[in-house]
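Working notes, structure below.
Numbers restart at 1 for each chain; the letters A, B, ... are given by sequence-line order, proteins then strands. Bear in mind the structure is a predicted one, so any value in this text is a computation, not a measurement.
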Amino acid sequence: MALIKYSIAIRDAIAEEMRRDPKLFFMGEDIAKFGGVFGCSLNLPEEFPGRVLSTPISEAAFVGAGMGAAITGTHTLVELQYVDFILCAMDQLINQTAKTHYMSNGTVKVPYTLRVQQGCGRGNGAQHAQCFESLFAGIPGLKVVCPSTPADAKGLLKTALRDENPVVFCEHKMLYAVRGEVPDSPDFTIPFGVADIRREGTDVTIIATSYMVQRALDAASLLEAEGISAEVIDPRTIVPLDMETLAASVRKTGRCVIAQEAQPFCSFGGEIAYELQQQVFRYLDAPIERVSTAQVPMPYSRKLETLNVPTADRIAAAARKTLWR
Amino acid sequence: MNPKEILGLYENMLLSRRFEQKADELYKEGLVTGSLHLYIGEEAIGAVAMLMREEGDLFTSTHRGVGHTVLCGCDPNLIMAELFGKATGISGGKGGSMHMFDQAHGLLGTNGIVGGGTSLACGAGITLKLVNHTDRVVFCFLGEGASNEGVTHESMNLAAVWKLPVIFVVENNGYEVFTTAQESCSVEDIAVRAAGYGIPGAVVDGNDALKLEKAYRKAIDHARRGEGPSLIEAKTYRWSGHWPGDAYSYGGYRSKEEVDEWKARCPILRLGKLILEKGYATGEELDAISRRVDRRVEESVAFAMASPDPDDGGLLQNLFA
């Protein structure tokens with residue numbers, strides 16, 4: 001175990017997989033200089049000359065090229081500097097990448113991982129601070145990963161880079177500097193579709209991913225002081241989704257809060273609430289609560305941005321509501 | 001091309017022609033559904049490229065890709081069955097004419113999105129050159145309409161910057177659905193845009209197999225030497241409508257005279273004439289080719305007709321590998 005930053009855990013995962021798979025190819029904007037904007041490719045161009053390339057600012061071309069490389073036998077990793085830029089390459093992601101395995105009746109494989117950096121927290125405004133995991137998860141044929149810790153980032157990215165399918169790997173800009181214990185072994189991976197129970201509890205289940213996990217844990221601490229025992233679960237991957245673990249927890253607690261940074265309408269949180277009411281309706285003691293940003297673009301003002309993003313206090317308040325307090 | 005290759009080319013072009021004419025009939029009968037975009041009149045462009053490919057060379061196709069798929073050597077039975085949406089189709093009936101993949105013959109997909117293949121061709125070029133370190137090349141077919149798509153511009157720039165072995169072949173057939181190339185393109189010759197990417201560009205008569213061969217030879221050699229992409233614009237004409245149900249082919253947005261004028265420049269007729277003039281084959285031998293091709297097409301229709309629809313279980317299969 002070593003105490004390392006989320007960004008370095010990502011870098012290490014890429015380095016280990018590039019050592020293991022001599023055909024793994026990595027491209028993205030600015031990644032071959034200074035480790036890229038977020039330091040996730042630090043020293044990789046030196047260790048893997050010709051395999052880590054900075055692209056032109058041409059998202060449609062390089063997101064599509066990732067697909068073209070993948071279907072010709074190259075396991076491909078593409079970094080998108082900001083998730084917001086994927087909108088310039090939605091044809092390449094949805095029409096080309098996500099559908100090809102299905103459209104080809106399974107004859108074409110697409111071993112392709114797209115790393116995206118998303119989220120609020122730096123006053124980046126409406127076109128540099130979005131969360132698109134709900135959008136990605138709604139597209140058949142994409143796996144969607146949202147790691148919340150350095151260890152999860154490393155273990156899940158290594159799994160992505162060994163997967164034979166398109167994976168959108170959603171990183172959060174506020175997590176890159178967070179440190180955590182990460183296993184050293186190059187064999188360390190985390191399977192997709194296995195939720196992590198980050199804190200056990202008996203009164204209410206709080207489901208959160210990515211940057212919201214720490215806030216959910218902080219909410220659980222606030223609730224503990226009031227004698228409320230909250231269970232915090234991080235699904236870690238949205239596609240595939242470990243509904244079994246989520247449903248088992250809600251069966252136990254009878255109450256559920258879903259915390260997400262995305263806007264509420266047509267979101268991942270709404271989908272989980274639907275699945276839960278299908279599976280555990282008679283166990284529920286209260287309506288499922290959802291804490292989200294407002295249904296507006298992310299404002300620039302730090303004050304408004306802070307107001308918009310769910311906090312531990314808001315998550316705790318939602319939990320109390322499920323307990324009729 | 002030697003005489004034997006020219007005869008093979010002729011037969012292949014005729015197969016594509018007759019296959020698509022049959023598909024057109026079947027579409028009008030309702031046996032082929034959705035959209036069907038015919039390559040009739042444009043066959044030389046794809047056929048010469050397919051003939052000049054070597055083992056390991058690849059290509060991306062377009063919405064008008066049935067012709068390319070026939071020409072690349074894919075079994076016509078599998079193509080016809082796909083047009084019928086049958087389980088035996090090349091995509092198991094899940095793709096249709098715009099989503100056919102045949103890796104054994106280098107086809108990286110026909111494509112429902114105009115310009116959709118351009119970035120994929122760059123990716124294939126990455127595999128061939130930067131990952132596998134070979135001198136193999138990728139043909140990227142697109143229309144003049146696709147030359148106005150943003151991703152095409154991005155892809156040509158990327159291919160140029162990384163010297164990817166991509167041969168962009170613009171099949172300029174004069175029309176983008178109902179809109180003319182003159183109305184939608186800023187230049188008369190798309191090939192002049194090559195200068196903007198710092199790559200070689202050439203205009204060629206797309207209905208002349210021998211001229212196509214010369215243009216492709218230069219581009220292939222350039223790419224194999226590691227010097228990067230080229231842009232070849234092949235001038236041609238779309239005989240049919242954008243799709244078979246396009247009732248305005250004559251009278252509406254273009255005249256019968258215009259279509260007839262281009263039919264007189266048919267690439268297959270021209271090649272047949274050359275074959276007879278040079279004595280590569282006799283008229284009887286060409287007739288024998290014609291009969292052979294017709295039998296092959298009939299066989300594909302019989303195969304498609306006799307094939308089963310996909311199983312219900314197929315609906316949920318193959319979402320992930």
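Taking 4.5 Å as the heavy-atom cut-off, the residues of residues 63-70 of chain A that approach chain B are G64(A), A65(A), M67(A), G68(A), A69(A), ordered by number. Heavy-atom neighbours of chain A within the stretch residues 312-319 of chain B, taken at a separation under 4.5 angstrom, comprise G314(B), L315(B), Q317(B), N318(B), L319(B). Using non-hydrogen atoms only and a strict 4.5 Å limit, the part of residues 155-172 of chain B facing chain A consists of S155(B), N157(B), L158(B), W162(B). Residues from residues 63-77 of chain B never place a non-hydrogen atom less than 4.5 Å from a non-hydrogen atom of chain A.
Counting heavy-atom pairs closer than 4.5 Å to chain B, the top residue among K99(A), R51(A), Q92(A), E164(A) is Q92(A). Counting heavy-atom pairs under 4.5 Å between each of P22(A), P56(A), S58(A) and chain B puts S58(A) at the top. Among S91(B), G93(B), A121(B), the residue with the largest count of heavy-atom pairs under 4.5 Å with chain A is S91(B). Ranking L24(A), D163(A), L142(A), I57(A) against chain B, the residue ahead of the rest is L142(A), based on heavy-atom pairs under 4.5 Å.
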As a quick check of understanding, evaluate side-chain contact (heavy atoms from CB on, under 4.5 Å) for D91(A) and V151(B), giving each step before the final call. CA-CA 10 Å; D91(A) 173 61; V151(B) 67; 5.9 Å; no
Kindly determine whether F320(B) and K143(A) satisfy side-chain contact (heavy atoms from CB on, under 4.5 Å), including the steps that lead there. CA-CA 9 Å; F320(B) 291 113; K143(A) 295 186 179 181; 3.6 Å; yes
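Taking both residues in full, the closest heavy atoms of A61(A) and S119(B) are given as O-CB, 3.5 Å, listed atom of the first, atom of the second, then distance. Closest heavy-atom contact between Q103(B) and V108(A): NE2-CG1, 4.0 Å.
Neither the backbone nor the side chain of V78(A) comes within less than 4.5 Å of any heavy atom in chain B. T97(A) does not touch chain B: none of its heavy atoms, backbone or side chain, sits under 4.5 Å away. Residue contact with chain A, scored on non-hydrogen atoms closer than 4.5 Å, involves the side chain of L58(B) exclusively. When heavy atoms are compared at a cutoff of 4.5 Å, K109(A) approaches chain B solely by way of its side chain, counted from C-beta outward. Neither the backbone nor the side chain of D102(B) comes within contact range of chain A, judged by heavy atoms closer than 4.5 Å.
Counting heavy atoms from C-beta outward, L130(B) and L53(A) have side chains that approach closer than 4.5 Å.
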